[in-house]
Amino acid sequence: MSIFNPLHPSHLQSSNWLRIGLYGGIHGLQLLTAIITLAGIADQARYGPSGICILYIQDYKVDQANPGYYLFNANSSACSGIMGLGAISMLLALIVGAASLYYIVRAEFRAVRLIFGMAVVAIVETLLAFLMAVVATIGINTTCGQFAGAGFSCSTIFSGGFFEQETSKTYPKSLGVVNMAVVTSWLCCLSWAAYAALEVLNWRNSV
């Protein structure tokens, strides 16, 4: 009769590989979603040489001097804020992910203070990622609401392009890419929340 021994080296090694897969997947998702969010907003939610942000636009109306053209106010710094938060998430995903996997791969003991510190970082980043997702979501909804109020489809306006008054060049944009960036911002938040929950559990089991 065989007896299951959870402390047998083969069982410990198998458990460690599962942890590597779990944590590696979470950190990989954190990094990937942060990159997609940052790149999507930077490339498709801004236009022109001055990088005008088309989130949170206001006063979308007909240009009285040039009927057939529309004007709007675009003074929001939301794009820069989202990009900054995305960059922070990317950096933390690399640093925290590398540290987390280092201890798991080497099967080394982590001090209680280190576990607590990593849990705190994960919780703070979860809140920052949540802020990033909320700002992006409300921003694109506000913009599309302005277009809808004028009787236009949001995707039609995006694909038709935007232009600065100082230039004659038109900058077509993809609403689909912006929406994808918004979705990935929420996935980024969820991935950090999952990691925070794991680290809080690790901390509770270590004290």
Side-chain angles (χ1 to χ4, degrees), residues 16-47 51 53-57 76-105 115-145 147-148 153-155 157-159 172-204:
N16 203 45
W17 278 113
L18 289 175
R19 294 185 67 211
I20 291 173
L22 174 62
Y23 281 80
I26 290 176
H27 295 310
L29 184 60
Q30 291 168 346
L31 181 60
L32 181 62
T33 52
I35 291 173
I36 294 175
T37 300
L38 191 159
I41 295 299
D43 188 56
Q44 296 299 318
R46 303 188 307 159
Y47 74 93
C53 181
I54 48 181
L55 300 180
Y56 293 97
I57 70 165
S76 175
S77 59
C79 292
S80 298
I82 294 170
M83 290 163 59
L85 291 173
I88 292 173
S89 186
M90 283 174 53
L91 184 62
L92 287 178
L94 288 171
I95 296 174
V96 175
S100 173
L101 292 175
Y102 171 83
Y103 283 98
I104 295 175
V105 170
I115 298 174
F116 178 76
M118 295 178 77
V120 169
V121 169
I123 292 171
V124 171
E125 177 52 31
T126 299
L127 296 177
L128 292 177
F130 178 75
L131 176 62
M132 175 176 68
V134 169
V135 170
T137 301
I138 297 177
I140 191 59
N141 287 342
T142 299
T143 292
C144 288
F147 298 150
S153 164
C154 196
S155 59
I157 299 297
F158 267 74
S159 61
K173 295 297 173 179
S174 171
L175 178 62
V177 172
V178 176
N179 284 334
M180 182 175 65
V182 172
V183 171
T184 55
S185 68
W186 284 107
L187 291 176
C188 183
C189 176
L190 290 175
S191 63
W192 277 102
Y195 175 65
L198 287 173
E199 288 294 27
V200 169
L201 183 61
N202 289 333
W203 173 70
R204 287 176 61 88

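In this chain, numbering begins with 1 at the start of the sequence shown.
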Inset, instruction - Go through Trp192 and Leu92 one step at a time and tell me if the side-chain contact (heavy atoms from CB on, under 4.5 Å) criterion holds. - result: CA-CA 10 Å; Trp192 277 102; Leu92 287 178; 3.8 Å; yes
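- For the pair Pro172/Tyr47, no side-chain contact is recorded, criterion being any heavy-atom separation below 4.5 Å from C-beta on.
- The two residues Ile115 and Glu199 make their nearest non-hydrogen contact at CG2-O, 3.7 Å.
- The minimum heavy-atom distance linking Ala87 with Leu38 is given by the pair N-CD1, 3.5 Å.
- Here the closest non-hydrogen pair linking Gly40 and Ala181 is CA-CB, 4.1 Å.
- For the atom pair CD1 (Ile157) and SG (Cys144), the distance works out to 10.0 Å, reported to the nearest 0.5 Å.
- The one candidate from Ile138, Leu131, Thr137 that meets the side-chain contact (heavy atoms from CB on, under 4.5 Å) condition with Val135 is Leu131.
- Taking both residues in full, the closest heavy atoms of Val178 and Ala45 are given as CG2-N, 4.2 Å, listed atom of the first, atom of the second, then distance.
- Residues that satisfy the ring pair (Phe, Tyr, Trp, His ring centres under 6.0 Å) test with Phe147, not counting sequence neighbours, are Tyr60.
- Proximity of Ile140 to Phe158: side-chain heavy atoms (C-beta onward) are separated by under 4.5 Å at one or more points.
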Legend entry - side-chain contact (heavy atoms from CB on, under 4.5 Å) assessment of Ile57 paired with Thr142: CA-CA 7 Å; Ile57 70 165; Thr142 299; over 6 Å; no
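- Using modelled atom types, one side-chain atom of Lys173 and one backbone atom of Arg46 make a donor-acceptor pair closer than 3.5 Å.
- Between the side chain of Asn202 and the backbone N or O of Leu198 there is at least one donor-acceptor pair closer than 3.5 Å.
- Panel note: side chain Thr184, backbone Met180; a donor-acceptor pair is recorded below 3.5 Å.
- Counting only N and O atoms by type, the side chains of Glu125 and Ser89 include a donor and acceptor under 3.5 Å apart.
- Looking only at atom types and distance, the side chain of Thr37 has no donor-acceptor partner in the side chain of Ser185 under 3.5 Å away.
- Checked against ring pair (Phe, Tyr, Trp, His ring centres under 6.0 Å), Phe130 has the following partners two or more places apart in sequence or in another chain: Trp186.
- Residues Ala34 and Gly86 come closest through the heavy atom pair CB-O, 3.7 Å.
- Atom CG in Leu85 sits 11.5 Å away from atom CG in Leu127 (nearest 0.5 Å).
- Within the 3.5 Å criterion, the main-chain N or O of Val177 finds a donor-acceptor partner in the side chain of Ser174.
- Closest heavy-atom contact between Gly24 and Leu101: N-CD2, 3.8 Å.
- A side-chain donor-acceptor contact under 3.5 Å links Thr143 to the backbone of Tyr56.
- The line from CG of Leu55 to OG of Ser76 is 6.5 Å long, rounded to the nearest 0.5 Å.
- Expressed to the nearest 0.5 Å, how far OG of Ser100 lies from CD1 of Ile95 amounts to 13.5 Å.
- In this pair, Tyr23 and His27 present their aromatic rings tilted. The plane angle is within the 30 to 60° band.
- Rounding to the nearest 0.5 Å gives a distance of 9.0 Å between CD1 of Ile41 and CE of Met83.
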Inset, instruction - Take Leu128 and Met132 through the side-chain contact (heavy atoms from CB on, under 4.5 Å) test and state the conclusion after the steps. - result: CA-CA 6 Å; Leu128 292 177; Met132 175 176 68; over 6 Å; no
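- Rounded to the nearest 0.5 Å, atoms CG (Leu29) and CG (Leu32) are 7.0 Å apart.
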